[in-house]
Each structure stands twice: as C-alpha cells, then as structure tokens.
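In what follows, chains are A, B, ... by sequence order, proteins preceding strands, each numbered from 1.
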There are 2 protein chains.
Amino acid sequence: MLVNWRIIGSMTTMNHKPDYEKELRDAGVRITRPRRVILDILTATEDHPDAMEIFRRAVSVDSSISLSTVYRTMKLLEERGTIHRHAFNGGPSRFEQASGAHHDHLIDIETGDVIEFRSDRIEKLQEEIARSLGYDIVHHRLELYGRKRQAK
Amino acid sequence: MLVNWRIIGSMTTMNHKPDYEKELRDAGVRITRPRRVILDILTATEDHPDAMEIFRRAVSVDSSISLSTVYRTMKLLEERGTIHRHAFNGGPSRFEQASGAHHDHLIDIETGDVIEFRSDRIEKLQEEIARSLGYDIVHHRLELYGRKRQAK
DNA sequence: CAAAATTTTGCAAATGCTTGTCAACTGGCG
DNA sequence: CGCCAGTTGACAAGCATTTGCAAAATTTTG
C-alpha cells in the first residue's frame with residue numbers, strides 16, 4: 001500500500017539541529033545569556049510549548065530571566081522565520097522550530113497533545129483551490145481537532 | 001470539467017435565513033431588545049465581523065447596547081452551535097453564521113477579505129489521515145492565507 | 001584592556017480582547 | 001398588571017502579550 005501521508009512526530013529531531021547562535025550572530029543580533037538559554041531550550045524541544053512554559057524551563061536554568069525576554073526572543077525568531085507560532089483553539093501561542101519540513105497538526109482535544117503529519121495530496125489540493133480562486137498561497141494552517149478512537 | 005470544489009462566497013444567503021428568535025425562544029432563552037438587535041445584525045451579515053464591529057453596528061440601531069452584551073450573546077450563540085468563532089492570524093475572534101454547510105476559508109493577507117470554499121476531496125483526505133492516526137475528527141480548521149495573483 | 005557606543009534586559013505599567021460582578025431592569029408567564 | 005428569574009449596562013478584573021525606561025550587558029573603538 002502506498003503511504004501518501006505519514007506521522008512525523010519526531011520530525012524536529014529528524015533534521016539537523018540548526019545553529020541558532022551562528023545564524024543570529026551573522027544577522028547582527030547579540031547573543032546574550034538569556035537568549036542563549038532560550039535558544040538551547042528551543043533546540044532541545046520536541047513539543048509545542050507556549051511562552052509561559054518556555055519561561056519556566058528557562059528559569060530553571062537561569063532564574064534571572066524574565067518573561068518579557070522570552071516574548072521578545074520569540075518575536076525576534078518568528079520575524080526571522082526561525083520558529084512558527086500557533087494558536088490552537090484560540091489559546092496562548094505555542095511555538096515550534098521552523099527547521100523541519102512543513103507539516104500540519106492533529107490536536108488531541110482531550111489531552112492537548114499535538115501530532116504532526118503531512119499529506120502531499122492535501123498540499124496539492126490547496127494549491128489548486130487557491131489558484132482557481134485567483135490567489136497564491138503565502139502560508140496556510142490545517143488543524144484537525146480529534147479524540148482518540150476507542151479500541152473496540 | 002468536473003468541479004470538485006467551489007466558491008461559496010454567498011453561502012450564508014444561499015441558505016434560508018435561520019429564525020434565531022424562534023430557535024432561542026424554544027430553548028427557553030429570553031428575547032430581549034439587545035439580543036434582537038444583535039440577532040438581526042447577524043442574520044443580515046455576509047462577512048465575518050469581530051465583536052467590536054458587531055458592537056458598532058448594534059450601537060447604530062440602539063445606542064444603549066453594551067459591548068459586554070455583544071460578547072455574552074456571541075458566547076451564547078457559540079455554545080448553542082448557532083455561530084462559529086474564528087481567530088484568523090491570532091487576531092480578535094470573528095464570527096459567522098453556522099447555518100450554512102461546512103466550509104473552509106481563504107484569507108486575503110492584504111485586505112483581510114475572507115473567501116469561503118469547500119473541497120470534498122480535502123474533507124475526505126482529512127478523515128483518512130485522522131483515522132490512520134487513530135483519531136476521530138471532532139472539528140477542523142483549514143485556512144489558506146494568500147495574495148491575489150497579479151493579472152499579468 | 002578600558003571607555004564609548006549600542007543593544008538588550010528586567011521590571012512595572014500599559015494594552016487589547018474577553019469575562020466576571022452586581023445593582024438595576026425587564027421579558028413573559030400567571 | 002405584578003412578580004421574579006433571567007438580563008443588562010457599567011465597570012472592574014483577567015489573560016496573554018507588548019512596551020517604556022533606567023540599569024546592565026555586549027560589541028566596538030581607541
């Protein structure tokens with residue numbers, strides 16, 4: 001059977017860990033201690049934490065880091081396209097590395113777990129639809145909200 | 001040529017205007033003057049206004065209506081499944097009647113315009129993917145963000 | 001290597017959207 | 001027409017996020 005979609009739950013680690021420090025330094029951004037801590041956290045992250053969660057993890061490394069700095073750093077990285085921001089269910093923004101290939105999300109409405117997947121067929125259909133409507137897609141968002149099927 | 005998707009920009013009017021008053025009254029909800037004004041606005045609406053916009057339109061009919069009441073009414077209707085709430089781009093919630101058939105959205109990133117469309121093939125693919133991941137879809141969200149193609 | 005130049009930080013206060021509180025008001029049945 | 005739980009408007013409060021500012025840290029210069 002042809003697999004035209006697949007789970008890519010560990011995609012972030014599947015790809016080479018990006019060297020944020022070099023990337024930012026080359027762009028003329030200063031590498032400070034708070035930023036280094038946050039970048040390390042992001043690099044090691046496999047889930048989709050929100051700002052508060054990143055802040056908690058950061059504080060456990062360096063208790064002087066402020067939440068403002070987390071937000072400022074996330075915004076900085078988002079503007080550079082280094083991370084993606086999601087707002088599942090309208091809740092607080094949750095972040096993930098942008099280094100991996102594009103993918104969509106399936107959110108478990110009971111646990112909040114996020115499963116990544118990708119379907120080339122859906123990607124292609126989206127392109128077709130947008131083109132027919134006279135548009136070029138700049139980006140898109142596909143989120144499936146579901147509940148684990150009961151093992152019968 | 002087989003059309004397997006279509007624009008449904010005027011879908012809301014394509015369907016019979018729902019009688020919110022009767023619907024709510026039957027459910028034991030009181031029809032007050034503020035609510036009537038808001039319901040009338042929603043019934044006449046073809047776009048996807050946010051709370052503040054609904055409030056502005058309501059005030060022009062009855063200047064005593066408060067923003068709180070708009071939010072309360074929207075929440076009431078949302079809980080009853082009468083309207084849908086969207087948070088395009090993480091901005092303020094925008095609402096639309098739920099009376100029409102399900103559809104997805106293409107948002108013009110330059111103007112904020114929202115075009116409704118539907119693709120049964122995409123719907124089906126989503127089902128397949130969720131099933132394969134062991135989930136049942138409760139609801140989903142597909143938003144294409146694009147820019148109008150320049151007529152060359 | 002120290003001082004200047006510039007960016008970044010932590011803190012607190014501010015913002016934007018949304019919900020909660022509460023006394024006053026009002027639909028709609030009796 | 002009167003009652004009274006459901007509603008309202010006004011405003012305070014709540015959350016997530018952003019911003020102003022003086023102090024602190026980083027890079028640049030001399």
Nearest-Å distance for atom pair [atom1]/[atom2], residues [X] and [N]:
{"X": "B:Ile38", "N": "D:dT8", "atom1": "CD1", "atom2": "C1'", "value": "11 Å"}
{"X": "B:Arg30", "N": "D:dC3", "atom1": "CZ", "atom2": "C1'", "value": "11 Å"}
{"X": "A:Phe55", "N": "C:dG10", "atom1": "CZ", "atom2": "C1'", "value": "10 Å"}
{"X": "B:Arg36", "N": "C:dG28", "atom1": "CZ", "atom2": "C1'", "value": "12 Å"}
{"X": "B:Ile31", "N": "C:dC29", "atom1": "CD1", "atom2": "P", "value": "12 Å"}
{"X": "A:Asn89", "N": "D:dA16", "atom1": "CG", "atom2": "C1'", "value": "16 Å"}
{"X": "A:Glu21", "N": "D:dT26", "atom1": "CD", "atom2": "P", "value": "12 Å"}
{"X": "B:Leu76", "N": "C:dT19", "atom1": "CG", "atom2": "C1'", "value": "15 Å"}

Is there a side-chain contact between [X] and the phosphate of [N], meaning an N or O under 4.0 Å from OP1 or OP2?
{"X": "B:Ser93", "N": "C:dC17", "value": "no"}
{"X": "A:Tyr71", "N": "D:dT17", "value": "yes"}
{"X": "A:Thr32", "N": "C:dT9", "value": "yes"}
{"X": "A:Ser66", "N": "C:dC11", "value": "no"}
{"X": "B:Arg35", "N": "D:dT7", "value": "yes"}
{"X": "B:Lys75", "N": "C:dT18", "value": "no"}

Is A:Arg25 touching bases, backbone alone, or none of the nucleic acid, heavy atoms closer than 4.0 Å?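 It contacts sugar-phosphate atoms only.
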- request: Indicate, with a heavy-atom threshold strictly under 4.0 Å, whether A:Ser68 touches base, sugar-phosphate, or nothing.
  value: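 Base, at least one base atom sits under 4.0 Å.
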Check your understanding: Can A:Gln126 and A:His140 be counted as having a side-chain donor-acceptor contact under 3.5 angstrom?
Key ->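 Yes - a donor-acceptor pair under 3.5 Å links their side chains.
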- Query: Using a distance-only test with no angle check, is there a side-chain donor-acceptor pair under 3.5 angstrom linking A:Arg85 and A:Ser93?
  - Reply: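 Side chains of A:Arg85 and A:Ser93: pair found under 3.5 Å.
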Q) Is the A:Tyr145 ring parallel, tilted or perpendicular to the B:His139 ring (thresholds 30°, 60°)? A)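 Ring orientation of A:Tyr145 relative to B:His139: parallel.
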Exercise. Could you check whether the rings of B:Phe88 and B:His86 sit parallel, tilted or perpendicular, using 30° and 60° as the cut-offs?
Key: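 B:Phe88 and B:His86: parallel rings.
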Item to complete: Name the residue closer to the 5' end of DNA chain C, choosing between B:Val29 and B:Asp50 according to the nucleotide with the nearest heavy atom.
Response: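 On the 5' side of the pair lies B:Asp50.
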| task | Check every atom of C:dT18, D:dT17, D:dG9 against the side chain of A:Ala51 and return the nucleotide holding the closest atom. | result |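 My answer, after comparing the listed nucleotides, is D:dT17.
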Exercise. Go through D:dG6, C:dG10, D:dT8 for me and flag the one nearest to the B:Thr69 side chain.
Key: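 The listed nucleotide nearest to B:Thr69's side chain is D:dT8.
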Spatial distance of atom CZ (B:Arg36) from atom CG (B:Leu24) [nearest 0.5 Å]:
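Output value for this atom pair is 11.0 Å.
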Original post:
Rounded to the nearest 0.5 Å, how far apart are CD1 of B:Ile107 and CZ of B:Arg147?
Top reply: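 It is 14.0 Å, given to the nearest 0.5 Å.
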Margin query: Any N or O donor-acceptor pair under 3.5 Å from the base of D:dA25 to the side chain of A:Arg33?
Written below: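 By the distance-only test, no, there is no pair.
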Can you say whether a donor on the side chain of B:Arg72 sits under 3.5 Å from an acceptor on the base of D:dG9, or the other way round?
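Answer is yes: a donor-acceptor pair is held.
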